[in-house]
Q: 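First, the structure itself, so that you have it in front of you.
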Amino acid sequence: MKKLINGIDDVVREQLQGMAAAHPELSVHIDPHYIVRGDAPVAGKVAVISGGGSGHEPMHGGFVGVGMLDGACPGEVFTSPTPDQMYECGMAANSGAGVLFLVKNYTGDVMNFEMAAEMLAAEGVPVQSILIDDDVAVKDSLYTAGRRGVGTTVIIEKIVGAAAEAGYNLDQCADLARKVNSYGRSMGMALTSCIVPAAGKPTFDLGDDEIEIGIGIHGEPGQKRMPMTSADAITEMMALEIIEDDAYTRTVREWDTENGIWVELELTDEPLAAGDSVIAFVNSMGGTPVSELYAVYRKLAAVCEDKGITIARNLIGPYITSLEMQGFSITLVKVDDEILKFWDAPVNTPGLRWGA
Amino acid sequence: MLSVLTLSQNLMTVTKAEILKWITLSADVMQENKQYLTDLDSPIGDADHGINMARGFKKVLERLPTVQDKDIGNILKTTGMALISSVGGASGPLYGTFFMRAAAPVMSKEVLTDDDLVAMLDMGLEGVISRGRANLGDKTMVDGWTPALEALRTAFANGADTKTAMQACVAGAEQGMQDTIPMLAKKGRASYLGERSVGHQDPGATSTYFLLNALLEAIS
Ligand SMILES: Nc1ncnc2c1ncn2[C@@H]1O[C@H](COP(=O)(O)OP(=O)(O)O)[C@@H](O)[C@H]1O
Ligand SMILES: [Mg+2]
């Protein structure tokens, strides 16, 4: 294993210390690890907080700043952060307008955020927690832990962050997050595996002539393995999986702020249809160069046009990565006027910046 | 009078020192099997279970001296809190909740009867189930805990002494762990693999077996 690290146990802390040095506008806390805006808590504003394992940078820490996240909780590499991090982050960012957790649907993240929400609620902090589950590679929710949270996460953090900045209250932010999630669909693939520093070897073996389709973002094996083929063939296959994906129904748990209990909701995501406008997001898993992402985007644009889908905005680059893995993901998020307005709103974070 | 006294003394079976030893032995076994548990988590997970458990129990060991003089309930509660704040992943809230809930029926006790032991482990498992909502057969640690605790209860019902009952419990955990191999995962990360999860032993059920085996060693 060749990596730019000092000690295996210091990877996450040293990364945070580097972020603190590079971004004095952020407030970076060690023990427990969390990042909040330097001006947190922002009076009257809902605190939008996310978190997850490290190794996906710039997500989430790189998205803390004006117009996006108020706080982020980085776990160990590919391991969910712990409830005390989320609790401390929530307490530091809460202005009284409440805390919205944006949680990617992985069993560990879900359970740790549930405990944190319970802890914040016990302190009288208004809290809501919205699950992000957009990975179409996971077909059913009955025999699995449900669709994973992948690319749509970046889009939701941007849009809901802008809405919170514009003065949306906690319920409005939660409703918007739920809507964008229901409009978002993603799929990823890997050309290579990746090496978790503490493990020291690739998470899975992939032959030189093989690719893994339907991966998540933790170097876990995906839906299927197939022989390597062209950028066009891979892109078309993935784009069609997203565009032709059926309605998806599952039961999620959300925190009922009024009664202080978890309630189950049945949610359905309607499929994309001809005539829809979308944000098209082509993301590198870390090791794939931007040049190849444009090759993918070229084909994606053609497939969308063919299917009557208008790309209203795009985002191309490494935003939700899996360490040094080569591969990419495609995310399509249907948009309406409300979503586009907040997508275009100014954002000023280390990882995403425009209009600011 | 005398016989009642002897009887109740016989029932006082697990001491605080043994509980402390259990926690220490658990930390040792997680450290020793860090690689093994991580390897089990690599074909059907994300290759971190051993790393997570070793990190968590290292934190527990650091906190243990602060509760050395406290009762068994407080020792378990502190263990749970240390795990919750240091493990992360799925196993952090699950094992953390296990110890937090296991603490409740043994609060302020310095020594446990067989009934206390059963209540402690049963409550812990209840916590795991309420947090993770896994069913039997989903290929998770619940498939390790459930047959283990059934075997423990059955052994006590048949008049076994603590050590013999714990031996049955560990055998149950081992069987449960092996029985996860042919299962199709329906919870946790492994569930995303569908059929490809078949043929692999669940890492969480394996760490559960190690934990219960450490308890057996501690009372032997
Ligand atoms: N819902 C659940 N209920 C009970 N146990 C679970 C559940 N989900 C996962 N597990 C257990 O957690 C183990 C994985 O733990 P770990 O690798 O530490 O966390 P993660 O899956 O977040 O990487 C699995 O082997 C399984 O036994
Ligand atoms: Mg794991």
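Reminder, nothing fancy here: chain letters follow the sequence lines and each chain counts from 1.
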Q: Between S191(B) and A145(A) (side chain of the first, backbone of the second, donor and acceptor by atom type, cut-off under 3.5 Å), is there such a pair?
A: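 Indeed, once roles are kept as given, a pair shorter than 3.5 Å links the two residues.
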Q: Please tell me if the side chains of T79(A) and N52(B) come closer than 4.5 Å, counting only heavy atoms from C-beta onward.
A: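 Yes, side chains in contact.
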Q: Go through the atoms of I51(B) and report whether side chain, backbone, both or neither lie under 4.5 Å from a heavy atom of chain A.
A: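 Contact with chain A is through the side chain of I51(B) alone.
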Q: Can you tell me which of P81(A), G75(A), A198(A) forms the most heavy-atom pairs within a distance under 4.5 Å of chain B?
A: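 Of the options given, most contacts go to A198(A).
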Q: Can you tell me how far CD of E76(A) sits from OG of S86(B), rounded to the nearest 0.5 angstrom?
A: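 One finds 9.5 Å between OG of S86(B) and CD of E76(A).
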Q: Any idea which heavy atoms bring R189(B) and T107(A) closest together, and the distance?
A: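 Reported closest heavy-atom pair: N-OG1, 4.5 Å.
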Q: To the nearest 0.5 Å, tell me how far I44(B) CD1 sits from F204(A) CZ.
A: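 One gets 15.5 Å once the value is rounded to the nearest 0.5 Å.
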Q: Picking from G53(A), A137(A), S80(A), which has the most non-hydrogen pairs under 4.5 angstrom with chain B?
A: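 Of the options given, most contacts go to S80(A).
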Q: Quick one: of G194(B), G88(B), G50(B), G89(B), who has the most non-hydrogen atom pairs under 4.5 Å with chain A?
A: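 When all of G194(B), G88(B), G50(B), G89(B) are compared, G89(B) has the most.
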Q: Which atoms of D39(B) come close to chain A, meaning under 4.5 Å heavy atom to heavy atom: side chain ones, backbone ones, both, or neither?
A: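 For D39(B), side-chain heavy atoms alone lie under 4.5 Å from chain A.
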Q: I need the T203(A) OG1 to D46(B) CG distance, nearest 0.5 Å.
A: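 Separation between the atoms: 8.0 Å.
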Q: For T97(B), is it the side chain, the backbone, both or neither that has a heavy atom under 4.5 Å from a heavy atom of chain A?
A: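 Side chain only.
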Q: Counting only heavy atoms closer than 4.5 Å, note whether A185(B) contacts chain A via side chain, backbone, both or neither.
A: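 Contact with chain A involves the backbone of A185(B) alone.
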Q: Which atoms of K201(A) come close to chain B, meaning under 4.5 Å heavy atom to heavy atom: side chain ones, backbone ones, both, or neither?
A: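 Side chain of K201(A) only, per the 4.5 Å heavy-atom cut-off to chain B.
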Q: Specify the closest pair of heavy atoms between A47(B) and A199(A), including all atoms of both residues, with the distance to one decimal.
A: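 For A47(B) and A199(A), the tightest heavy-atom pair comes out as O-CB, 4.3 Å.
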Q: Report the distance from atom CZ of R133(B) to atom CZ of R253(A), rounding to the nearest 0.5 Å.
A: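 Interatomic distance, R133(B) CZ to R253(A) CZ, rounded to 0.5 Å: 3.5 Å.
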Q: Listed by residue number, which members of residues 56-83 of chain B have a heavy atom under 4.5 Å from any heavy atom of chain A?
A: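 Residues of residues 56-83 of chain B touching chain A at under 4.5 Å: none.
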Q: How would you list, by chain and number, every residue that makes a side-chain hydrogen bond (donor to acceptor under 3.5 Å, both in side chains) with E123(A), sequence neighbours excluded?
A: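 With neighbours one apart ignored, the set is empty.
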Q: Looking at residues at least two apart in the chain, or sitting in another chain, which of them share a ring-ring contact (aromatic ring centres under 6.0 Å, His included) with Y87(A)?
A: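 Partners of Y87(A) by the ring-ring contact (aromatic ring centres under 6.0 Å, His included) criterion come out as none, since no residue qualifies.
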Q: Do Y192(B) side-chain atoms and G146(A) backbone N/O form a donor-acceptor pair below 3.5 Å?
A: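 Yes, Y192(B) side chain to G146(A) backbone: donor-acceptor pair under 3.5 Å.
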Q: Side chain from CB out, backbone as N, CA, C, O: work out which of these in E118(A) comes under 4.5 Å of a heavy atom of chain B, or both, or neither.
A: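 Just its side chain gets close to chain B.
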Q: Can you name the nearest heavy-atom pair linking M111(A) to A90(B), along with the distance?
A: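 M111(A) and A90(B) have their closest heavy atoms at CE-O, 3.3 Å.
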Q: Applying ring-ring contact (aromatic ring centres under 6.0 Å, His included), name anything that partners F101(A), two or more places apart in sequence or on another chain.
A: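 F101(A) satisfies ring-ring contact (aromatic ring centres under 6.0 Å, His included) with F113(A) once adjacent residues are dropped.
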Q: Let's test your reading of the structure: which of Q35(B), K186(B), R131(B), K187(B) forms the most heavy-atom pairs below 4.5 Å with chain A?
A: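 Of the options given, most contacts go to R131(B).
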